[in-house]
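All ligand and atom numbering here is 1-based and tracks the order in the structure. The residues of the chain are indexed from 1 along the displayed sequence.
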Amino acid sequence: MAKNQEKAQAFYIRDSAIEQLPESQVTDESVYLQRRTLLKRLGYLGAGALLSQHALSSSAHADVLGFFSNDDDKKSGFKRSPLTFSQPKAFDKTQAGEQLVLTPEKKVTTYNNFYEFGAKKDQPAEYAQDFKVNPWQLKIGGEVEKPITLDYDDLIKKFPLEERIYRLRCVEAWSMVIPWVGFSLAALIKHVKPTSKAKYVAFQTLYDPEQMPGQKSRFLGGGIDYPYVEGLRLDEALHPLSLMAVGLYGKTLPPQNGAPIRLVVPWKYGFKSIKSIVSIQLTERQPPTTWNILAPQEYGFYANVNPKVAHPRWSQASERRITTGGLFARNRIPTQLFNGYAEQVAHLYKDMDLTKYY
Ligand SMILES: Nc1nc2c(c(=O)[nH]1)N[C@H]1C(S)=C(S)[C@@H](COP(=O)(O)O)O[C@H]1N2
Ligand SMILES: [Mo]
């Protein structure tokens with residue numbers, strides 16, 4: 001336990017470090033971009049080579065540069081296909097009177113948390129390009145009457161797809177607005193017919209160290225014991241907002257965002273939204289979850305977005321909304337209870353002490 005806490009301390013420091021970069025280092029986006037152009041002309045910036053060259057060894061700097069990296073700098077081996085989907089009115093850009101500004105696609109696909117491909121923000125986009133998503137098998141079983149295995153084509157064809165525009169709030173206090181494409185987790189769960197014993201849903205990411213360098217190296221993978229696992233209470237999983245996403249911005253997911261299929265639970269911190277899922281099991285008991293195992297005093301099972309419940313090492317009262325303004329815009333906004341979805345989900349927690357069940 002103490003060992004785990006130490007690990008969590010060690011690799012999350014960079015997240016507070018980036019928030020604490022002195023103003024003099026984070027002054028102006030154009031200065032930064034000019035510097036990039038210069039480095040490029042001098043031949044220092046190529047196919048995402050920054051980190052491997054240790055040109056900038058400080059993680060905070062690497063994160064800042066990673067943020068501005070764009071697809072043109074990277075070899076994009078992965079091919080995304082267009083999807084066919086409906087666009088229900090309930091999930092358009094105007095939600096509860098709020099106009100949501102979409103995070104640009106390039107930011108969504110280059111600033112990622114996917115520790116299996118490296119614990120720095122720009123590493124998944126670089127190291128996941130050759131990830132094989134087809135063939136794929138997703139097994140759904142446990143406390144169900146009709147266990148099934150979905151193959152790659154089933155993932156995009158078995159259930160009708162819709163576009164859902166959701167806020168994504170990471171526990172590290174940044175957020176995006178992403179147009180996902182997917183189907184209700186509820187549709188999948190109803191399809192397999194849960195038994196009366198089913199109370200929770202357990203999810204598991206692929207374990208394949210040959211393809212996922214972070215699973216091979218504790219240095220790259222942030223000290224997590226893989227496979228990455230997550231869980232929901234059955235009523236949370238059945239909530240209409242819980243989404244199995246297979247795409248974003250109208251096309252199949254890139255690997256760095258969790259191809260070929262990932263969970264999206266928009267009222268919870270991002271780490272609940274587990275990527276590249278191979279197993280969904282309905283269970284009687286509350287399943288173990290990766291970040292809770294790693295640092296239970298910092299990350300709970302519920303992980304509902306809550307501005308009033310601080311992380312032990314930082315406040316959750318506000319967040320940096322990632323838009324075209326980038327790191328340099330003053331786009332800090334107040335965090336909303338349940339990430340703005342309180343009207344839909346607060347009833348799930350009505351008799352619970354949210355400071356205890358964090
Ligand atoms: N398997 C797996 N799933 C994961 C993660 C991860 O490291 N491994 N990171 C989580 C975290 S912390 C966040 S914020 C979101 C980020 O999703 P995005 O990169 O698509 O924005 O994925 C979540 N799902
Ligand atoms: Mo996160």
Side-chain angles (χ1 to χ4, degrees), residues 8 11-12 14-15 18 63 66-67 80 102-128 131 133 138 164 166-182 202-209 211-215 220-232 243-249 252-280 289-295 298-299 303 305 311 314 316 319-322 335 339:
F11 67 84
Y12 251 143
R14 71 197 162 76
D15 296 309
I18 198 166
D63 266 1
F67 187 87
R80 294 173 62 195
L102 297 185
T103 298
E105 185 172 1
K106 266 190 182 152
K107 300 250 160 105
V108 177
T109 58
T110 56
Y111 187 81
N112 299 103
N113 275 332
F114 198 171
Y115 281 36
E116 284 86 338
F117 293 104
K120 290 180 180 137
K121 297 287 181 286
D122 60 346
Q123 286 175 331
E126 184 183 351
Y127 295 140
F131 186 53
V133 303
L138 167 56
R164 305 266 187 105
Y166 285 161
R167 301 174 203 84
L168 175 81
R169 170 57 158 83
C170 178
V171 76
E172 299 159 357
W174 53 264
S175 64
M176 299 190 185
V177 176
I178 304 177
W180 302 107
V181 178
F203 302 83
Q204 199 174 109
T205 294
L206 179 70
Y207 182 71
D208 186 353
Q211 289 205 79
M212 295 172 145
Q215 292 180 337
L220 258 186
I224 286 175
D225 284 319
Y226 294 102
Y228 194 103
V229 288
E230 257 307 335
L232 295 171
L243 186 73
M244 296 302 294
V246 296
L248 59 82
Y249 271 99
T252 50
L253 290 172
Q256 60 269 33
N257 293 92
I261 189 161
R262 57 95 56 89
L263 178 67
V264 181
V265 191
W267 71 93
K268 293 179 178 284
Y269 291 118
F271 65 84
K272 298 294 289 181
S273 292
I274 180 173
K275 295 175 169 180
S276 305
I277 302 169
V278 292
S279 163
I280 301 178
T289 58
T290 286
W291 281 95
N292 180 248
I293 297 167
L294 201 59
E298 302 197 356
Y299 309 99
V305 175
H311 184 280
W314 57 84
Q316 295 291 23
E319 65 204 50
R320 177 168 56 84
R321 174 61 54 85
I322 297 179
T335 289
N339 202 24

Step-by-step side-chain contact (heavy atoms from CB on, under 4.5 Å) determination, Ile224 to Trp291: CA-CA 8 Å; Ile224 286 175; Trp291 281 95; 4.0 Å; yes
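Listed by chain and residue number, Arg169, Val171, Ala173, Tyr269, His311, Trp314 satisfy the side-chain contact (heavy atoms from CB on, under 4.5 Å) test with Gln316 (two or more places apart in sequence, or in another chain). Residues forming a ring-ring contact (aromatic ring centres under 6.0 Å, His included) with Phe131 (at least two apart in sequence, or on another chain): Phe117, Trp136.
Side-chain contact of Lys121 with Asn113: a donor-acceptor pair under 3.5 Å is present, judged by distance alone. Side-chain contact check for Arg321 and Ser175: at least one donor-acceptor pair (N or O, by modelled atom type) lies under 3.5 Å.
A salt bridge links Arg80 to Glu105: one of the charged nitrogens lies within less than 4.0 Å of a carboxylate oxygen.
Leu263 and Ser273 make their closest contact through O-CB, 3.1 Å (heavy atoms, listed as atom of the first residue, atom of the second, distance).
For ligand 1, the atoms lying closer than 4.0 Å to a non-hydrogen atom of Asn257 are 18 (P), 19 (O), 20 (O). Less than 4.0 angstrom separates some heavy atom of Leu168 from each of these atoms of ligand 1: 21 (O). Remark: ligand 1 atoms within the under-4.0 Å shell around heavy atoms of Cys170 are 14 (S). Taking a cut-off of under 4.0 Å to the non-hydrogen atoms of Phe271, the atoms of ligand 1 that pass are 10 (C), 11 (C), 12 (S). In the vicinity of Asn112, heavy-atom distances shorter than 4.0 Å reach the ligand 1 atoms 18 (P), 19 (O). Of all the atoms in ligand 1, the ones that sit under 4.0 Å from a non-hydrogen atom of Ser273 are 22 (O), 23 (C), 24 (N).
Between Arg164 and Val264, every side-chain heavy-atom pair lies at or beyond the 4.5 Å cut-off.
Where the criterion is an N or O separation shorter than 3.5 Å, residue side chain and backbone included, Tyr111 fails it with respect to ligand 1. Residue Lys275 places at least one N or O, backbone or side chain, under 3.5 Å from an N or O of ligand 1. Checked by distance only, ligand 1 and Trp180 stay at 3.5 Å or farther apart across all their nitrogen or oxygen atoms.
Here Tyr226 contributes atom OH and Leu206 contributes atom CG; the two are 12.5 Å apart, rounded to the nearest 0.5 Å.
Counting heavy atoms closer than 4.0 Å to ligand 1, residue Val171 contributes nothing at all. By the criterion of a heavy-atom distance under 4.0 Å, the side chain of Tyr228, and not its backbone, is placed next to ligand 1. Only side-chain heavy atoms of Thr205 come within less than 4.0 Å of ligand 1; its backbone N, CA, C and O stay farther off.
Note on ligand 1: Gly258 sits outside its first shell, no heavy atom being nearer than 4.0 Å.
Comparing Lys272, Glu116, Arg262 against atom 17 (O) of ligand 1, the shortest heavy-atom distance belongs to Arg262.
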